[in-house]
Amino acid sequence: MKILSAAQIRQSDEYTIAHEPIASIELMERAASACERYILESNNYDSLYVVVCGKGNNGGDGLAIARMLKHADRHVAVYILEYTESSSADFIINLGLLQNIPSLTVHHIHSADELEIGDDKNTVIIDAIFGTGINKPTDGLVADVINKINKSEKEVISIDVPSGLPVDAPMPSLWAVIKASVTLTFQQPKLSFLFPEGGQYVGEIKVLDIGIDKTFIASLESPYYFLQDKDISALLLLRDKFSHKGTFGHSLIISGSYGKMGAAVLSSHACLCSGTGLLTTHIPKCGYEIIQTALPEAMVSIDPATEHISTLPSLVSYTSIGIGPGIGQQPDTAQMIKLLIQSTPCPLVLDADALNIISENKTWLGFLPPRSILTPHPKEFDRLTAKHNNSWERLKSAQALAHKHSIIIVLKGAYTATVMPDKSVWFNSTGNPALAKGGSGDVLTGIITGLISRGYEPSDAAFVGVYLHGLASDLAVLDINQESLLASEVIRYIPTAFDYLYKK
């Protein structure tokens, strides 16, 4: 799914209106109807809907929703913020339609004190003040109303965008923005929803198809994409009946040190579960009994050093190499990584301490094999590059770094961004906060390494690996509480995640 800018969203609306053809008021009706269906399915019959409207097209959406809810025999109160004398044409039409309902009072307010939210626990606030067109901070009446809504602690449903949130740019910290419980956004998620700075206001994202012309959307250029089930299912490879273990490659995982052998177990186990034909794990001597006991399916390469990895094994037979989980940052470990970068025959998957070592030796980035995959969390990425003021800056740096060195950067987060050498960015839609726990990154490293060995191109391995990792966690939390889910338990759900995607 392509992610569009505010200007492109307007162009898409205008093209649909002109070429479907459909009147703009009818398109607004279609959007409002999609919202009404979700609202009625998700709330109690006796809920009071407090619909708070601006005077532009987002406010027009709100008025149409209020009318539909009233026709569905729901309790509705409408408040229009009189912050300007001007109104959009479709807002005026919907206001006229609403005023034809005798039992519904429309309140025109000039002060936040006039907004009556009440104490009823079933009250639901529908935020339809501003949409995607906002380009300046909210102030005055609008800011006062937003602050009052946020303090009410009621369920808030934002229409298209939480009012006050810009969709294309970082938001200054002092802006007043609606903090939604759910955002019913039209056609595509907005870019700002996918960063922590904006995502904290969005709540649960529900993307509603309102019939915007998909051919026109496909013709628009955007570097940003949002991955969904169908995108990943289309990439999955099937096993041929006459294949054998050699068909699916030989992975090498370089992982572990004294006290951190769990990282080697997790990454190796995940690698095996993602389809590699063979796996060798290179570990220090202290981990031999651990890895052989935990994973009888893995072969083991023993480093000469007892407590850390000091030497690079022969690389002749491997089709994918993952390195970093739990290896520490000893000087001879760093030299081993330098030698690996200089001599590897295939793209690398680098995580954790491998990235920390490279951050101390940034010139090594220039020698990474093309299409190598780096999987940093934000602090690791900042160590690789520079400190960033916000997620928008960090993403721009990731695009520049991926392009400069022809590498793939998996920038981990709530919506992990996979950044390609052509600067395209693919946001992941799976996963949950249960993954914010030690060992999760080790699992991801193993999955991606195994997928490359299995036969996936590095770009596809990154897309599928990140999605599969998040999906396994989503499936796991159906059975295990987020607080309690362990990285090792996420691995147990990788087969279930594969099954889910193969059936799509």
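Count residues from 1 along the sequence. Just so you know, these numbers use all the heavy atoms, side chains as well, and skip hydrogens, waters and symmetry mates.
- A distance of 9.0 Å separates CD1 in Ile3 from OH in Tyr224, rounded to the nearest 0.5 Å.
- Heavy atoms from other residues, nucleotides or ligands lying under 6.0 Å from CG of Asp46 number more than 12.
- When atom types are taken as modelled, the side chain of Ser267 and the backbone of Gly446 share no donor-acceptor pair closer than 3.5 angstrom.
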Using side-chain contact (heavy atoms from CB on, under 4.5 Å), reason through Asn428 and Val410 one step at a time and then give a plain yes or no. CA-CA 10 Å; Asn428 187 59; Val410 175; over 6 Å; no
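- Ring orientation note: the planes of Tyr225 and Trp426 are close to parallel, at an angle under 30° on the 30°/60° scale.
- Judged by distance alone, with hydrogens and angles left aside, the side-chain atoms of Ser429 form a donor-acceptor pair with the main-chain N or O of Leu227 at under 3.5 Å.
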Starting from the C-alpha separation in whole Å, work towards a yes-or-no answer on side-chain contact (heavy atoms from CB on, under 4.5 Å) for Lys412 and Leu444. CA-CA 10 Å; Lys412 292 183 285 198; Leu444 178 61; 3.9 Å; yes
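- Other residues, nucleotides and ligands place no more than 12 heavy atoms under 6.0 Å from the CD atom of Glu116.
- Glu155 places no side-chain N or O within donor-acceptor distance of the main-chain N or O of Val124, the cut-off being under 3.5 Å.
- Atom OG of Ser152 is separated from atom CG of Asn147 by 11.5 Å, given to the nearest 0.5 angstrom.
- With a 6.0 Å radius and a threshold of 12 heavy atoms from other residues, nucleotides or ligands, Lys179 has its NZ atom at or below the threshold.
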Kindly determine whether Tyr493 and Phe498 satisfy ring-ring contact (aromatic ring centres under 6.0 Å, His included), including the steps that lead there. CA-CA 9 Å; Tyr493 283 81; Phe498 267 122; over 10 Å; no
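- In the model, Asp168 has no side-chain atom that pairs as donor or acceptor with a side-chain atom of Ser5 under 3.5 Å.
- Heavy atoms only, all atoms of each residue included: Val490 and Ser473 are closest at CG1-N, 4.2 Å.
- Between the side chain of Ser274 and the main chain of Cys271, a donor-acceptor pair closer than 3.5 Å is present.
- Of the possible polar contacts, none joining the Ser47 side chain to the Tyr49 backbone as a donor-acceptor pair under 3.5 Å is found.
- Taken to the nearest 0.5 Å, the CD1 atom of Ile125 stands 10.5 Å off from the CD1 atom of Ile157.
- Looking at Arg30 and Glu20, a side-chain N of the basic residue comes within less than 4.0 Å of a carboxylate O on the acidic one, giving a salt bridge.
- Contact annotation: the side chain of Ile126 approaches that of Ile39 to within less than 4.5 Å [non-hydrogen atoms, C-beta and beyond].
- Side chains of Thr430 and Asp474: a donor-acceptor N/O pair is absent below 3.5 angstrom, by distance only.
- Checking side-chain atoms of Ser320 against main-chain N and O of Thr449 turns up a donor-acceptor pair under 3.5 Å.
- For the pair Leu295/His269, a side-chain contact is recorded, criterion being any heavy-atom separation below 4.5 Å from C-beta on.
- Between Ser12 and Leu220, the closest side-chain pair of non-hydrogen atoms falls below 4.5 Å.
- Put simply, the side chain of Thr123 never gets that close to the backbone of Leu48: no donor and acceptor are under 3.5 Å apart.
- Within the cation-pi definition used here (under 6.0 Å to the ring centroid, within 45° of the axis), Arg239 qualifies as a partner of Phe248.
- Distance check: Leu485 CG to Arg492 CZ gives 9.0 Å after rounding to the nearest 0.5 Å.
- For Ile408 against Pro421, the heavy-atom pair with the smallest separation is CG1-CD, 4.1 Å.
- Contact record, Gln187 with Ile212: OE1-N, 3.3 Å, taken as the closest heavy-atom pair.
- In this model, a donor atom of one side chain and an acceptor atom of the other lie less than 3.5 Å apart for Glu82 and His108.
- Side-chain contact check for Asn390 versus Arg394: every heavy-atom pair is 4.5 Å or farther apart.
- A donor and an acceptor atom, one from each side chain of Asp351 and Thr375, are located under 3.5 Å apart.
- A salt bridge links Lys214 to Asp209: one of the charged nitrogens lies within less than 4.0 Å of a carboxylate oxygen.
- With hydrogens and angles left out, the side-chain atoms of Ser88 and Asp90 include no donor and acceptor closer than 3.5 Å.
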Could you walk me through whether Leu63 and Phe91 pass side-chain contact (heavy atoms from CB on, under 4.5 Å), step by step? CA-CA 8 Å; Leu63 296 179; Phe91 172 90; 3.4 Å; yes
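- Taking a cutoff of 4.0 Å between a charged side-chain nitrogen and a carboxylate oxygen, Lys55 and Glu85 do not qualify as a salt bridge.
- Arg37 and Ser33 are linked by a side-chain donor-acceptor pair at a separation below 3.5 angstrom, with hydrogens and angles left out of the test.
- One finds a salt bridge joining Lys206 and Glu204 here, because a Lys/Arg side-chain nitrogen approaches an Asp/Glu carboxylate oxygen to under 4.0 Å.
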Are Thr183 and Thr185 close enough, and set up right, to give a side chain to side chain donor-acceptor pair (under 3.5 Å), and what steps lead you there? CA-CA 6 Å; Thr183 297; Thr185 197; over 6 Å; no
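- Between the Lys2 side chain and the Ala218 main chain, a donor and an acceptor come within less than 3.5 Å of each other.
- Nearest heavy atoms, Tyr83 versus Gly56: OH-N, 4.2 Å.
- In this structure, the side chains of Leu97 and Asn94 come closer than 4.5 Å at one or more pairs of heavy atoms.
- Looking at heavy atoms from C-beta onward, Leu95 lies in side-chain contact with Val106 at the 4.5 angstrom threshold.
- Ion pair Arg67/Glu29 flagged as a salt bridge, since at least one NZ, NE, NH1 or NH2 atom sits closer than 4.0 Å to an Asp/Glu carboxylate oxygen.
- The shortest heavy-atom contact between Ile373 and Pro458 is CD1-O, 3.4 Å.
- We find that Asp160 and Lys190 are joined by a salt bridge, their nearest charged nitrogen and carboxylate oxygen being less than 4.0 Å apart.
- Residues Ile117 and Lys154 meet the side-chain proximity criterion, which asks for heavy atoms closer than 4.5 Å.
- Under the 3.5 Å distance criterion, the side-chain polar atoms of Asp231 are matched with a main-chain donor or acceptor of Gln228.
- Taking NE2 from His71 and CG from Leu104, the interatomic distance works out to 9.5 Å, rounded to the nearest 0.5 Å.
- Ring-centre distance between Phe381 and His388: below the 6.0 Å cut-off.
- Looking only at side-chain heavy atoms (C-beta outward), Asp127 and Val52 stay at 4.5 Å or farther from each other.
- Side chain of Asn150 to main chain of Val177: a donor-acceptor pair is present (N/O by atom type, distance under 3.5 Å, no hydrogens or angles).
- Shortest non-hydrogen contact noted between Asn58 and Ile159 is ND2-O, 2.9 Å.
- Between His75 and Tyr45, the two ring planes are perpendicular [angle over 60°; tilted spans 30° to 60°].
- Ring-plane geometry between Phe427 and Phe195 is classed as perpendicular, the angle between the planes exceeding 60 degrees on a 0 to 90 degree scale with a lower cut at 30.
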Does the side-chain contact (heavy atoms from CB on, under 4.5 Å) test come out yes or no for Ile80 and Ile109, once each step is laid out? CA-CA 6 Å; Ile80 295 173; Ile109 65 173; over 6 Å; no
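- Taking CG from Asn57 and OG1 from Thr132, the interatomic distance works out to 9.5 Å, rounded to the nearest 0.5 Å.
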